[in-house]
Amino acid sequence: MPSTPIKLIYFGTSSFAVPALRALAAQRDLFEVLLVVSQPDRPVGRQAVITPPPVAAAAKELGLPLYQPAKLRDGEAEKRLKPLSPDVFVVAAYGRILPPDLLAIPKRGALNLHGSILPRHRGASPLQSAILQGDGETGITLMLMDAELDHGPILDTLRVPLVGNETFPQLESRLGEAAAEQIAARLPEYIAGRLPPQEQDHAGASFTGLIEKNHGGIVWSRQSASEIERMIRAYEPWPGVFAVWNRNGRELRLRILRAAVAESTALAPGQVGLGEDGCPTVGTAEGNLRLLELQIEGKNAQAGDAFARGYREFIGSRLGDGR
RNA sequence: CGCGGGGUGGAGCAGCUGGAAGCUCGCGUGGCUCAUAACCACGAGGUCCUGGGUUCGAGUCCCAGCCCCGCAA
């Protein structure tokens with residue numbers, strides 16, 4: 001047990017990184033959060049209200065000093081962080097690559113909480129990637145950062161089983177909590193020298209990039225029903241999964257919020273039929289998809305059977321690909 | 001003033017070239033049936049978002065406002 005608290009600077013942005021910050025801030029005898037670094041406030045919602053990211057909001061609530069630099073490489077950040085002489089950085093879903101001059105600041109290095117079992121799913125969207133790939137388990141890797149992305153030696157891996165019905169927000173919440181437990185338990189061990197770093201198996205690495213809007217567009221002739229079903233869970237709430245319905249000459253954006261892979265029933269890709277439960281069923285490249293909850297642009301989300309009753313011409317129509 | 005769609009019985013929608021409020025489902029009652037979420041008959045249930053205006057007459061046209069949602073950011 002160290003006589004003085006571990007001095008750290010916390011880097012984080014999304015809600016995945018909130019529980020870990022709270023856990024560290026809660027134990028003042030063990031940890032001293034010198035500063036929280038988060039991305040700048042951004043416009044959010046229809047009215048584009050400038051809103052702080054979740055970690056920044058949490059930092060304010062906890063009364064911690066907060067720093068939201070627009071740039072990391074202009075020297076300003078280094079000037080701000082170096083004088084604090086931290087023992088470590090703790091980085092979790094910060095959303096930006098830390099340049100080497102910053103990584104050199106903490107005496108005991110920069111620790112990253114990554115939302116996958118490394119070396120699998122290195123990169124920007126590990127949670128979504130685990131859902132998309134249908135992984136049977138995922139987890140949190142605590143690692144030492146080096147110059148390459150999610151490439152440094154591993155300190156600890158925490159495994160979390162997946163059932164196959166997780167949505168991104170659910171997984172984010174679960175893994176966020178797991179990361180909080182992990183960092184609170186392991187950081188003191190690491191400082192005490194009881195957590196030997198282990199080189200990653202670089203040959204087994206896989207990568208996952210930033211998610212873009214168009215990833216949520218369904219291509220009926222190329223994607224299978226189970227693939228689409230996983231997309232729906234991975235891309236909630238953004239960018240969502242969508243197709244196009246041509247209704248009386250108007251192209252409407254159709255968002256699919258919940259779906260299930262259907263038993264049989266052969267339908268052409270994009271062709272809409274009616275399932276036994278009253279929900280619409282669509283053909284894909286492989287298997288059919290039952291639409292359990294959907295939303296047309298300009299309307300609220302609604303149950304699949306209600307949708308089929310209301311828009312009677314939907315059944316029998318042919319859906320276009322999402323763009 | 002970013003662009004656009006929408007607010008109609010419990011749910012989802014139609015009606016929008018102004019003239020007695022409708023469809024699918026749900027709900028209630030009765031019937032059929034060994035039985036049923038199935039089928040048949042009957043029935044209850046609506047300030048057509050709010051406030052003005054035009055008109056002999058407005059859910060339907062005009063003006064203002066409130067709320068919901070898609071896009072964009």
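Values below: every heavy atom of this structure, side chains too, minus hydrogens, waters and symmetry copies. The chains referred to below are lettered A, B, ... by the order of the sequence lines, with proteins before strands, and numbering in each begins at 1.
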Taking the minimum atom-to-atom distance to the side chain of [X], which one of [options] wins?
X      : options             : answer
A/R309 : B/A14, B/C68, B/C25 : B/C25
A/E297 : B/C68, B/G70, B/A11 : B/G70
A/Q295 : B/C13, B/A73, B/C69 : B/C69
A/R253 : B/C13, B/G70, B/C68 : B/G70

inquiry  = My understanding is that only residues two or more places apart in sequence, or in another chain, count here; which of them pass ring pair (Phe, Tyr, Trp, His ring centres under 6.0 Å) with A/F307?
reply    =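 Residues passing ring pair (Phe, Tyr, Trp, His ring centres under 6.0 Å) with A/F307: A/Y311, A/F314.
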
Look at [X] and [N] and indicate whether a side-chain polar atom (N or O) is within less than 4.0 Å of OP1 or OP2.
X      : N     : result
A/K299 : B/G7  : no
A/R312 : B/G22 : no
A/Q302 : B/C69 : no

In whole angstroms, how far is the [atom2] atom of [N] from the [atom1] atom of [X]?
X      : N     : atom1 : atom2 : value
A/K213 : B/A72 : NZ    : P     : 3 Å
A/N300 : B/G7  : CG    : C1'   : 10 Å
A/D277 : B/C25 : CG    : P     : 15 Å
A/L254 : B/C13 : CG    : P     : 12 Å

inquiry  = Both distances below 3.5 Å, Watson-Crick or wobble geometry, any strand: find the nucleotide opposite B/G59.
reply    = none

query = With ILVMFWY side chains joined below 4.5 Å, transitively, what does A/L81's cluster contain besides itself?
reply = A/I9, A/F11, A/L34, A/L35, A/V37, A/Y67, A/L72, A/L84, A/F89, A/V91, A/Y94, A/L98, A/L102, A/L103, A/I105, A/M145

ask   = Heavy atom of residues 236-245 of chain A under 4.0 Å from RNA chain B: which residues?
value =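 The stretch gives none, as no residue of it lies under 4.0 Å from the strand.
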
ask   = Side chain of A/E148, backbone of A/G152: donor and acceptor closer than 3.5 Å?
value =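 Looks like no, no N/O pair under 3.5 Å.
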
Salt bridge check, [Y] against [X]: does any charged N sit closer than 4.0 Å to a carboxylate O?
X      : Y      : value
A/E189 : A/R186 : yes
A/K7   : A/D87  : no
A/R22  : A/E61  : yes

inquiry  = Would you compute the distance between atom CZ of A/R230 and atom OG of A/S129 and round it to the nearest 0.5 angstrom?
reply    = 11.0 Å

